[in-house]
Amino acid sequence: MTEPSAQYDLLVIGGGVNGAGIARDAAGRGLAVCLVEQDDLAAHTSSASTKLIHGGLRYLEQGELRLVREALAERERLLAIAPHIVRPLRFVLPYIDGLRPRWLLRLGLFVYDHAGGREKLAASAGTRLAGTPLGAPLRADISDGFEYSDCAVDDSRLVVLNALDAAERGATVLTRRRVVAIEAQSAGWQITVEDRGNGARAALRARALVNATGAWVNGLLQLAGLQPRQHLRLVKGSHLVLRRQYEGEHAYLLQSPDRRVVFAIPWEGCYTLVGTTDVPFDGDPARVSIDAAETGYLLGILNRFLRRPATAADIVASFSGVRPLYDDGSGGTAQQVSRDYHLELQHNATAAPILSVYGGKITTYRRLAEHALALLLPAMDIHGTATWTGGEPLPGGDLPAADYDAFLRHSLARWPEMPPDLIARLARHYGTRMARILGDARRLEDLGARFGTDLTLAEVRHLVAGEWARGAEDILWRRTRLGIGLPASAVHDLQDAVAQLLG
């Protein structure tokens with residue numbers, strides 16, 4: 001990976017999905033790029049999503065057809081370029097009298113099927129629930145509903161893979177570097193970053209900046225001496241991780257009387273992920289957690305549908321994130337604020353550009369990056385570069401025919417003495433690059449020390465050397481999802497191993 005230098009064409013501040021996506025796109029067009037993140041990659045909002053690549057069925061109700069169409073088209077592209085971390089998921093939408101009428105649901109699903117160029121995913125359909133496996137977890141009086149398709153994603157790995165691809169195309173990626181000063185210069189910007197580990201400071205220069213700092217976007221503009229022109233609505237979204245509540249690999253879309261929807265999704269083999277909430281937020285975006293009201297709200301909606309009610313005893317974990325939504329001034333409740341994005345281009349006193357990202361959703365990050373560069377490159381007097389990210393696989397995503405099931409079968413045959421669950425997890429996380437971890441190993445013991453589950457020293461070494469992991473939390477909650485239920489002793493041993501690998 002490229003070592004930091006002093007001069008770049010483009011410096012991207014913010015290592016969430018939008019910043020990593022823009023860095024990847026720009027690096028692939030030949031720009032000298034530096035990506036700076038104050039914490040770990042995907043440390044905040046981009047690891048706290050509902051883990052979906054979807055068009056946003058409920059956004060149709062708000063008249064956001066353009067956003068839904070773009071998101072549905074991106075769903076197809078991401079399924080093609082990242083078939084290891086993006087997977088098809090079938091949703092069940094139970095019908096209940098007194099909520100949205102049946103005709104409206106049918107119409108919305110028809111538009112959903114046809115608005116975005118659906119190719120790989122199955123179409124929607126009405127479905128009987130009573131007496132079927134799909135209806136088995138539901139109340140006996142819920143007799144029918146609808147099915148439709150969307151995709152699930154490992155959100156934090158999506159961020160890491162974009163940053164990794166950017167680095168392999170020449171970008172510099174600096175994590176745990178806080179921007180402490182931004183100054184206008186005659187040929188662009190000078191940015192001072194501080195290493196959060198040892199306090200050392202370094203000056204970086206760039207012709208242009210991207211401000212992809214999410215909830216911190218306007219604060220960074222002020223640090224650069226510019227007056228923000230746009231506003232944010234900060235909205236907290238929280239999720240519960242429950243012991244598995246039903247059998248099967250399908251998800252549920254559950255309607256609430258307040259016209260919100262809540263998802264129940266099979267997650268990591270033995271859990272059910274339930275979310276999300278929409279709560280106005282005015283605290284520190286770096287310190288956010290679920291509260292009792294949100295817990296009660298999510299359990300309450302879930303239990304309006306379940307035959308066997310879930311209780312607090314079923315909760316094994318929770319997570320929350322702050323969505324920095326673009327405030328267009330139209331007002332409305334938190335759930336009514338658009339998930340669309342807005343890009344704001346400004347210049348310093350010497351005409352050097354800075355582009356700020358407001359809002360957006362994880363599904364449309366790649367198109368957002370293309371739009372960002374369409375604004376930035378002319379401002380930098382760079383012409384003739386072409387869009388490219390829609391057809392190039394993300395690292396590990398070059399599966400033959402983008403067929404994950406066939407790839408998994410091949411991997412199981414290639415390492416027949418390895419635990420099948422380990423092979424399946426590595427295939428889903430790393431795709432074709434799982435061979436960099438397994439190599440010539442034949443049995444689990446060949447991969448070195450284990451940390452609680454099937455996390456081995458070989459995988460830890462790979463994550464530290466190649467994916468910017470700098471601590472146990474990075475590995476357990478953002479590079480993998482193995483943190484739930486891991487004993488404290490295993491976490492301590494993992495932290496020690498990472499420290500030794502870092503020297």
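Excluded from the calculations below are hydrogen atoms, water molecules and symmetry mates; all remaining heavy atoms, backbone and side chain alike, are included.
Around CG of D440, the count of heavy atoms belonging to other residues, nucleotides or ligands within 6.0 Å does not exceed 12. For CG of D496, the number of neighbouring non-hydrogen atoms (other residues, nucleotides, ligands) closer than 6.0 Å is greater than 12. For N198, the CG atom counts as densely surrounded, since its 6.0 Å shell holds more than 12 non-hydrogen atoms of other residues, nucleotides or ligands. Crowding of R443 atom CZ: a count of heavy atoms from other residues, nucleotides or ligands under 6.0 Å exceeding 12.
For R425, the salt bridge (charged side-chain N to carboxylate O under 4.0 Å, His left out) partners two or more places apart in sequence, or in a different chain, are D454, E459. In terms of the side-chain contact (heavy atoms from CB on, under 4.5 Å) criterion, residue partners of S318 (sequence neighbours excluded) are, by chain and number, L240, I290. With sequence neighbours left out, Y365 forms a ring pair (Phe, Tyr, Trp, His ring centres under 6.0 Å) with no residue at all.
Contact check for L343 versus S356: no side-chain heavy atoms found under the 4.5 Å cut-off. Between V180 and V193, every side-chain heavy-atom pair lies at or beyond the 4.5 Å cut-off. With a 4.5 Å cut-off on side-chain heavy atoms, L158 and D154 do not count as touching. You'll find the side chain of L438 reaches within 4.5 Å of the side chain of L426, heavy atoms only.
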Criterion salt bridge (Lys or Arg N to Asp or Glu O under 4.0 Å) on R229 and E344, from CA distance to verdict: CA-CA 8 Å; R229 298 172 181 168; E344 185 76 12; 3.2 Å; yes
Quick one: do R323 and D278 satisfy salt bridge (Lys or Arg N to Asp or Glu O under 4.0 Å)? Show the steps, please. CA-CA 9 Å; R323 306 185 197 99; D278 276 310; 2.6 Å; yes
Check against salt bridge (Lys or Arg N to Asp or Glu O under 4.0 Å), D150 and R75: CA-CA 8 Å; D150 261 322; R75 184 185 65 181; 2.8 Å; yes
Under the side chain to side chain contact (heavy atoms under 4.5 Å, CB included) rule, what do V357 and I22 come out as? Steps first, then yes or no, please. CA-CA 11 Å; V357 178; I22 292 170; 4.2 Å; yes
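Remark: of the listed residues R176, R178, R196, R196 is the sole one forming a salt bridge (Lys or Arg N to Asp or Glu O under 4.0 Å) with D39.
R24 and E392 make their closest contact through NH2-O, 2.9 Å (heavy atoms, listed as atom of the first residue, atom of the second, distance). Nearest heavy-atom pair, A352 versus R207, reported as atom, atom and distance to 0.1 Å: CB-O, 3.8 Å. Residues A80 and A402 come closest through the heavy atom pair O-CB, 4.1 Å. The two residues L35 and G14 make their nearest non-hydrogen contact at CD1-O, 3.4 Å. A pairwise comparison of heavy atoms in L373 and P378 identifies O-CD, 4.0 Å as the closest pair. Smallest separation of non-hydrogen atoms from V159 and S46: CG2-CB, 3.7 Å.
Between the side chain of T277 and the main chain of S238, a donor-acceptor pair closer than 3.5 Å is present. A donor-acceptor pair under 3.5 Å links the side-chain atoms of Q495 to the main chain of A472, judged by distance alone. Checking side-chain atoms of R433 against main-chain N and O of P395 turns up no donor-acceptor pair under 3.5 Å. In this structure a side-chain-to-backbone donor-acceptor pair under 3.5 Å is missing from W468 to T175. Counting only distance, with no hydrogens or angles, the side chain of D155 and the backbone of K51 share no donor-acceptor pair below 3.5 Å.
Between H462 and Y430, the ring planes lie perpendicular to each other; the angle is over 60°, past the 30° to 60° tilted range. Ring geometry for H54 versus F263: interplanar angle over 60°, hence perpendicular rather than tilted (30 to 60°).
Using a 4.0 Å cut-off between charged nitrogen and carboxylate oxygen, D474 and R470 do not count as a salt-bridge pair. Of the charged side-chain nitrogens involved, at least one lies within less than 4.0 Å of a carboxylate oxygen, so that E294 and K236 count as a salt-bridged pair.
The six-membered or imidazole ring of W216 lies near that of H44, with a centre-to-centre distance under 6.0 Å.
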